[in-house]
Number of protein chains: 2
Amino acid sequence: MTSTGPARQASLRERNLATVARAVVDAPEPLSRADVAARTGMTRATVSTLVDQLIEAGLLTELPAVSSGPGRPAVPLAPAARTVVGLGLEVNVDYLGGRVVDLTGEVVDEIVIAENLRGSPAPATLERLGHLARDLMARARGMRVAGAHLALPGLVDTRANLLRIAPNLGWSDVEPLALLGLPASLPATVGNEAKLAALAQLWGCPVAERASRTFLYVSGDVGIGAAIVIDGALFGGKRGWSGELGHVTVDPAGPTCRCGASGCLERYAGKEVLVTDVGLDIDVADDVLVDRLSAPDARTAVSTAGAALGQAMADAVNLLDIDRVLLGGVYTGLVPLLRPAITEQLRTRVLGAPWAPVDVVPAPVADHAALTGGAAASLRAVVEDPMPWIAAAAG
Amino acid sequence: MTSTGPARQASLRERNLATVARAVVDAPEPLSRADVAARTGMTRATVSTLVDQLIEAGLLTELPAVSSGPGRPAVPLAPAARTVVGLGLEVNVDYLGGRVVDLTGEVVDEIVIAENLRGSPAPATLERLGHLARDLMARARGMRVAGAHLALPGLVDTRANLLRIAPNLGWSDVEPLALLGLPASLPATVGNEAKLAALAQLWGCPVAERASRTFLYVSGDVGIGAAIVIDGALFGGKRGWSGELGHVTVDPAGPTCRCGASGCLERYAGKEVLVTDVGLDIDVADDVLVDRLSAPDARTAVSTAGAALGQAMADAVNLLDIDRVLLGGVYTGLVPLLRPAITEQLRTRVLGAPWAPVDVVPAPVADHAALTGGAAASLRAVVEDPMPWIAAAAG
DNA sequence: GATAGTTTGTATAGCCAATGAACTTATTCG
DNA sequence: CGAATAAGTTCATTGGCTATACAAACTATC
């Protein structure tokens with residue numbers, strides 16, 4: 001209730017350090033101190049001291065100076081490689097794994113174990129993942145791990161780091177962090193798989209490829225999750241349960257869903273429906289499914305799913321006023337097939353469509369995006385608040 | 001793209017002034033300087049200088065000291081009455097008007113003209129409203145008008161202050177601010193009626209009655225608009241077109257909507273449908289309609305509308321993770337009638353419902369809420385950034 | 001009814017961080 | 001080689017918050 005805290009002198013430092021760090025990390029190409037000053041409006045003197053601190057803390061590095069034109073050549077700055085890293089973890093129906101990413105966005109290390117985890121025992125599986133995570137951390141010796149984010153396919157209470165229910169894993173009411181057994185000093189949180197994957201689209205790839213800062217990310221798998229990103233910020237809702245697109249009603253008279261309601265999107269466009277429509281097994285690889293759905297006799301299956309997806313998306317767009325949708329998960333490869341039906345729905349059902357059509361594109365980061373997103377989220381926290389790292393480096 | 005600006009020393013002042021102003025304005029009862037210090041974490045010395053400036057600027061006042069218990073009696077602080085005011089304006093299908101509100105939340109003055117404005121000519125009507133607004137400003141001589149917000153029932157591009165389309169007025173592509181002819185020095189914006197009404201729920205009533213800071217406000221009239229408020233901030237979407245709940249699809253095979261799509265919520269729970277269901281005219285007063293819908297023979301009409309409303313709300317809640325819905329407009333009085341059908345839908349369709357049921361309550365501010373909300377929005381801007389007012393008072 | 005006790009509000013010295021202007025450094029161009 | 005140019009650094013100055021001490025205004029008690 002009580003607004004934001006007081007602004008002390010130290011707050012100035014905090015904010016300006018973050019501003020400088022952001023400027024360098026988010027820049028498409030290396031900036032000099034002078035560039036940063038011009039871009040942020042600070043004086044070169046201020047930027048200089050801040051940059052020095054960020055270098056000292058291991059968050060930025062100086063690249064070799066290159067001279068172009070008259071004047072003293074600029075010293076280009078870039079995020080430091082392999083000094084501070086983030087750890088992304090995930091358990092999903094068909095694999096479990098971890099990925100280590102550094103501030104440059106490079107994947108430093110990863111372990112991914114493909115395996116069917118439907119109905120696996122939560123404690124044992126999470127203990128295995130914890131072991132895997134500790135292995136990764138041991139292999140990252142010399143680098144400081146900023147934090148870990150665990151992605152799970154289900155309803156995660158982000159305030160309590162509690163998994164309420166993950167229907168496809170068959171898990172419910174799990175406290176995953178306790179079972180992982182990570183060092184207590186490591187900031188760790190649990191998040192929904194789709195939301196962390198969305199963050200990967202925002203930060204987890206080279207700057208040029210990054211998604212615009214406002215979009216809806218839709219992740220198709222057995223369940224259909226979504227994440228809402230507005231102006232570079234994830235919109236999680238009150239408990240982090242936003243984006244349950246899979247249970248938006250497509251037709252109230254439709255088939256019953258696992259969730260107990262009727263006519264949910266999942267029953268029209270979920271992976272289970274897609275595979276059975278074309279006579280495949282749920283464990284089929286995504287590219288095989290895409291191939292099979294490209295065949296002429298799969299056209300009605302595809303257009304039915306696309307229409308349902310488009311209808312649900314239209315509802316979301318009408319509620320949220322978003323003009324860009326990224327399709328991830330199984331849908332990534334299906335974009336060309338699904339797009340006609342989707343855009344038709346968006347065109348007719350979105351009230352604002354005449355003035356700004358909605359873009360539907362495949363998600364740029366596809367490969368285990370939630371792992372990258374989880375790692376990137378930890379790193380983002382460092383960029384947004386570098387002060388603790390300065391203090392630690394000085395101490 | 002380029003992050004936030006630099007933090008100068010002056011930024012500290014700006015932020016702390018805002019923090020103090022917020023603390024006093026949002027407090028349920030008057031706070032002393034010492035209270036503010038304790039609550040914000042600043043020192044009494046700092047708070048003292050800041051409070052003095054805010055008093056000087058006419059934003060706060062000292063109330064007579066009351067002594068209770070030992071020690072020097074505290075001087076209670078409160079928002080100043082009738083010094084700075086906000087102006088809310090609105091054109092809707094059945095009236096046009098303006099309202100002047102001060103920092104205490106009191107309505108200082110208002111002019112409301114009940115009148116059927118469907119199909120009225122936009123330029124003439126807005127010029128009339130402009131005249132009315134100038135009258136109100138003249139009558140508020142001695143008070144400083146912080147800003148004006150015009151509420152319109154339609155798609156408003158909040159970045160360009162452009163009305164794209166207001167189907168119920170029959171207006172399209174209007175630039176309302178130019179037609180109002182307000183003084184150029186007055187900050188003025190145009191907004192959607194439902195969104196400004198939602199802001200009234202947040203700020204426009206005595207603190208105790210204020211809605212919690214996260215809710216969905218649904219305004220039922222001919223159209224059905226909604227506004228999403230998360231943590232005290234309106235979620236407008238990219239252009240301010242969020243909350244088009246009236247065009248969420250209830251049944252893709254349903255009747256055709258004015259918007260061209262089929263089965264929109266508006267066709268099940270809009271006022272037009274409600275009145276024709278019970279044989280009334282569209283111009284009927286809201287309380288007459290409520291009375292008529294309370295009759296036993298209106299039960300199916302009510303439950304059909306409630307179920308549709310509940311289904312659309314469930315979609316919204318699944319996407320947004322909000323656990324409180326305020327019903328405004330015609331719906332305010334219908335809450336007891338509609339609630340059973342609505343909550344049934346929410347209970348079965350909202351994925352998170354087992355862990356946190358959704359509250360459905362009538363909106364606390366009902367009477368021309370958009371007027372109050374528009375005025376309150378201007379005042380909120382003053383509270384959130386008092387610095388310019390300090391400077392003006394000093395100069 | 002004077003005095004101790006308590007809390008509010010104000011004054012003053014000190015500190016921290018950003019500024020601006022001058023200065024140094026490193027390059028290109030003529 | 002020197003003039004021009006731009007990057008980065010140094011340093012006195014300024015603004016704003018903190019801490020500490022102090023003045024003010026009240027209650028409670030002997």
Side-chain angles (χ1 to χ4, degrees), chain A residues 4-20 23-24 30-56 60-78 386-387 390-391 394, chain B residues 4-20 23-24 30-56 60-78 386-387 390-391 394:
Chain A
T4 56
R8 331 172 166 292
Q9 289 95 326
S11 318
L12 280 188
R13 246 313 136 85
E14 271 169 44
R15 274 195 44 184
N16 283 337
L17 276 170
T19 303
V20 170
V24 174
L31 301 179
S32 68
R33 291 171 172 78
D35 290 335
V36 173
R39 181 161 312 209
T40 61
M42 300 182 219
T43 61
R44 290 193 316 244
T46 308
V47 170
S48 230
T49 59
L50 297 176
V51 164
D52 288 348
Q53 290 195 57
L54 291 169
I55 290 175
E56 172 98 12
L60 302 183
T61 25
E62 296 186 326
L63 302 179
V66 283
S67 60
S68 67
R72 174 172 169 174
V75 179
L77 302 167
M387 190 61 122
I390 308 289
Chain B
T4 56
R8 332 176 163 290
Q9 289 95 325
S11 318
L12 282 188
R13 227 343 117 87
E14 272 169 45
R15 275 195 44 184
N16 284 337
L17 277 170
T19 303
V20 170
V24 174
L31 301 179
S32 68
R33 291 170 171 79
D35 289 336
V36 173
R39 182 161 309 210
T40 61
M42 298 184 221
T43 62
R44 284 182 319 204
T46 308
V47 170
S48 230
T49 57
L50 296 176
V51 163
D52 290 348
Q53 290 195 57
L54 291 169
I55 289 175
E56 172 98 13
L60 301 183
T61 23
E62 297 186 327
L63 302 180
V66 284
S67 60
S68 67
R72 172 172 170 176
V75 180
L77 302 167
M387 190 59 124
I390 308 287

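Residue numbers begin at 1 in each chain, while the letters A, B, ... track the order of the sequences.
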Mind listing the N/O atom pairs, protein and nucleotides 16-19 of chain D, below 3.5 Å?
unit_1	atom_1	unit_2	atom_2	d
dG16(D)	N2	Q9(A)	NE2	2.5
dC17(D)	OP1	N16(B)	ND2	3.0
dC17(D)	OP2	R13(B)	NE	3.0
dC17(D)	OP2	R13(B)	NH2	2.8
dC17(D)	O2	Q9(A)	NE2	3.2
dT18(D)	OP1	R8(A)	NH1	2.7
dT18(D)	OP2	T43(B)	OG1	3.4
dT18(D)	OP2	T46(B)	OG1	2.7

Have a look at V75(A) and say if it touches a base, only the backbone sugar-phosphate, or nothing, with a 4.0 Å heavy-atom cut-off. sugar-phosphate
Please give, in whole Å, the distance from dC16(C) C1' to R15(A) CZ? 17 Å
If you define the side chain from C-beta out and look only at heavy atoms, does anything of L12(A) sit under 4.5 Å from R8(B)? no
Could you check whether any side-chain heavy atom of R39(B) comes within less than 4.5 Å of a side-chain heavy atom of V47(B), counting everything from C-beta outward? no
Member of V24(A), V20(A), L31(A), L17(A) meeting the side-chain contact (heavy atoms from CB on, under 4.5 Å) criterion with V51(A): V20(A)
For E62(A), enumerate each residue passing the side-chain hydrogen bond (donor to acceptor under 3.5 Å, both in side chains) test, keeping only those at least two apart in sequence or located in another chain. R33(A)
Over all heavy atoms of both residues, which pair between S32(B) and L77(B) is shortest? Give the atoms and the distance, please. C-CD1, 4.1 Å
Taken to the nearest whole Å, CD1/I55(A) to P/dG8(D) is 10 Å
Can you tell me whether the side chain of R72(B) and the base of dT8(C) have a donor-acceptor pair closer than 3.5 Å? yes
What I'd like to find out is whether the side chain of R13(B) reaches to under 4.5 Å of the side chain of I390(B), using heavy atoms alone. no
Without decimals, in angstroms, what is the distance between E62(A) CD and dT9(D) C1'? 13 Å
Assign each of G71(A) and R44(A) to its nearest nucleotide of DNA chain D by heavy atoms, then name whichever residue's nucleotide is nearer the 5' end. G71(A)
Ignoring backbone atoms, establish whether S67(A) has a side-chain N or O less than 4.0 Å from OP1 or OP2 of dA26(C). no
